[in-house]
Amino acid sequence: MNRPDRHVLLSPSLLSADFTRLAEEVKVMEDGGADMLHVDVMDGHFVPNISIGPLVVESLKRVTDLPLDCHLMISDPDSYLAPFAKAGASIITVHVEAALHLYRTVQTIRELGCKPGVTLNPATPLSVLEEILPHVDLVLLMSVEPGFGGQSFIPTLYRRASALRQMLNDAGNPDCLIEADGGIKLDNVAQAFESGVDVIVSGSGVFGTDNPAETLREMRRACEGVSSI
Ligand code: DX5
Ligand code: ZN
């Protein structure tokens, strides 16, 4: 389906922000026109790193009205859905590799008043999504192995996004957003958008630059005018 009037949504990852000045970093992202804020939650079990939990989400909620896009890289997402919803998450995304009862998990996220998302590691086939696609608001395609910021982009993302867009149309859920996460910077953001990605996550590609707000604006400009599927 051709969607010529779609617009990119930018979700900078706070994982690469300066945690000693988190509120200021959030303001910089607001200034740069961020559409939401990507919050990476890691448990040291599903991924080999530990990051932040509901307490930080609650603090973020107090300093911004931007939607909080919470990416749960944790082994037992079901036990933490309510705490993240209560803390102020707008989107809660769980890994299909971690959620044992995905349908129930997705329903629970919706019942908690949040938008449900599901995410796939780079080597997980898209076909695992077949049954759940009609029920989700967002699919997050990882373009690095989850766990750390600053890794190299895995270019299979492009064909996976295009194929997923087709699957969503076939599943009768064309409004479902496709998000991409990992290794996205100014030089590949337009190609990601063009391949069918709606929501761009970028951590080091934004916060690692001299002027993160301006980089965010440049990313949006890079995607504008790009022909899209
Ligand atoms: C990785 C996280 C990403 C990460 C992206 O596990 O899910 O959101 O912050 O960082 P960059 O953009 O630096 O690859
Ligand atoms: Zn993430």
Side-chain angles (χ1 to χ4, degrees), residues 8-19 22 25-26 28-29 32 34-54 56-57 60 66-75 77 80 84 89-99 114-124 138-158 160-161 177-193 197-210 212-213 215-216 218-220 222-223:
V8 70
L9 297 170
L10 299 173
S11 188
S13 168
L14 296 176
L15 192 64
S16 292
D18 180 348
F19 279 25
L22 210 42
E25 299 277 66
V26 166
V28 170
M29 292 299 98
D35 297 287
M36 53 186 102
L37 297 171
H38 188 80
V39 180
D40 285 305
V41 177
M42 306 178 183
D43 65 352
H45 188 261
F46 179 69
V47 290
N49 198 3
I50 299 175
S51 56
I52 65 183
V56 175
V57 172
L60 288 167
L66 287 177
L68 300 175
D69 165 30
C70 295
H71 174 195
L72 304 193
M73 289 165 274
I74 63 180
S75 292
Y80 297 94
F84 279 101
S90 297
I91 300 169
I92 298 181
T93 298
V94 298
H95 271 262
V96 299
E97 300 87 357
C114 302
K115 293 181 189 307
V118 291
T119 180
L120 268 59
N121 285 335
T124 303
L138 178 145
V139 178
L140 169 56
L141 296 176
M142 293 305 300
S143 37
V144 297
E145 291 289 358
F148 301 93
Q151 301 180 82
S152 296
F153 178 77
I154 300 173
T156 54
L157 180 275
Y158 301 130
R160 282 163 68 77
L177 296 172
I178 299 177
E179 181 174 39
D181 183 5
I184 301 180
K185 301 185 189 302
L186 199 47
D187 62 2
N188 57 359
V189 66
Q191 196 172 350
F193 179 65
V197 175
D198 304 293
V199 185
I200 298 288
V201 176
S202 180
S204 55
V206 171
F207 288 101
T209 64
D210 289 343
T215 301
L216 211 53
E218 284 178 33
M219 284 185 163
R220 189 181 303 282
C223 295

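Note that the structure is a prediction, hence the values are computed from the model and not measured. Whatever order the structure lists them in is the order used to number ligands and atoms, beginning at 1.
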Peer 1: Can you tell if the side chain of F207 reaches within under 4.5 Å of the side chain of S13, non-hydrogen atoms only?
Peer 2: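 They are not in contact (no side-chain heavy atoms under 4.5 Å apart), so the answer is no.
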
Peer 1: Can you count the protein N, O or S atoms that lie less than 2.8 Å from the Zn ion (ligand 2)?
Peer 2: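 If we list every protein N, O or S atom nearer than 2.8 Å to the Zn ion (ligand 2), we get 4.
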
Peer 1: For each nitrogen or oxygen atom of ligand 1, which protein N/O atoms lie closer than 3.5 Å, and how far apart are they, rounded to 0.1 Å?
Peer 2:
{"from": "ligand 1", "atom 1": "6 (O)", "to": "G147", "atom 2": "N", "distance (Å)": "2.7"}
{"from": "ligand 1", "atom 1": "7 (O)", "to": "D40", "atom 2": "OD1", "distance (Å)": "2.9"}
{"from": "ligand 1", "atom 1": "7 (O)", "to": "H71", "atom 2": "ND1", "distance (Å)": "3.2"}
{"from": "ligand 1", "atom 1": "7 (O)", "to": "D181", "atom 2": "OD2", "distance (Å)": "2.9"}
{"from": "ligand 1", "atom 1": "8 (O)", "to": "H38", "atom 2": "NE2", "distance (Å)": "3.4"}
{"from": "ligand 1", "atom 1": "8 (O)", "to": "D40", "atom 2": "OD1", "distance (Å)": "3.0"}
{"from": "ligand 1", "atom 1": "8 (O)", "to": "D40", "atom 2": "OD2", "distance (Å)": "2.7"}
{"from": "ligand 1", "atom 1": "8 (O)", "to": "D181", "atom 2": "OD1", "distance (Å)": "2.7"}
{"from": "ligand 1", "atom 1": "8 (O)", "to": "D181", "atom 2": "OD2", "distance (Å)": "3.0"}
{"from": "ligand 1", "atom 1": "9 (O)", "to": "S13", "atom 2": "OG", "distance (Å)": "2.8"}
{"from": "ligand 1", "atom 1": "9 (O)", "to": "D40", "atom 2": "OD2", "distance (Å)": "3.0"}
{"from": "ligand 1", "atom 1": "12 (O)", "to": "G203", "atom 2": "N", "distance (Å)": "2.7"}
{"from": "ligand 1", "atom 1": "13 (O)", "to": "G150", "atom 2": "N", "distance (Å)": "2.8"}
{"from": "ligand 1", "atom 1": "13 (O)", "to": "S204", "atom 2": "N", "distance (Å)": "2.9"}
{"from": "ligand 1", "atom 1": "13 (O)", "to": "S204", "atom 2": "OG", "distance (Å)": "2.5"}
{"from": "ligand 1", "atom 1": "14 (O)", "to": "G183", "atom 2": "N", "distance (Å)": "2.8"}

Peer 1: Quick check: are there more than 12 heavy atoms from other residues, nucleotides or ligands sitting under 6.0 Å from NZ of K115?
Peer 2: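 No.
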
Peer 1: Any side-chain heavy atom of I92 within less than 4.5 Å of one from L72?
Peer 2: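 I92 reaches L72 side chain to side chain.
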
Peer 1: Is Y80 atom OH crowded by more than 12 heavy atoms from other residues, nucleotides or ligands, each under 6.0 Å away?
Peer 2: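 Check fails, neighbour count at 12 or below.
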
Peer 1: Who pairs with D35 by salt bridge (charged side-chain N to carboxylate O under 4.0 Å, His left out), at least two apart in sequence or on another chain?
Peer 2: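 R220.
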
Peer 1: Side chain to side chain donor-acceptor pair (under 3.5 Å): which pairs involve residues 45-54, sequence neighbours left out?
Peer 2: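 Side chain to side chain donor-acceptor pair (under 3.5 Å) check on residues 45-54 returns H45-S75.
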
Peer 1: V56 versus L22: any side-chain heavy-atom pair under 4.5 Å?
Peer 2: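 Yes - at least one pair of side-chain heavy atoms lies under 4.5 Å apart.
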
Peer 1: Within the 4.5 Å heavy-atom criterion, are R160 and L120 side-chain neighbours or not?
Peer 2: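 The answer is yes, as the side chains (C-beta and beyond) meet within the 4.5 Å cut-off.
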
Peer 1: A side-chain contact here means heavy atoms from C-beta on lying under 4.5 Å apart; do L14 and I52 qualify?
Peer 2: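 A side-chain contact is absent here, since even the closest heavy-atom pair is not under 4.5 Å.
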
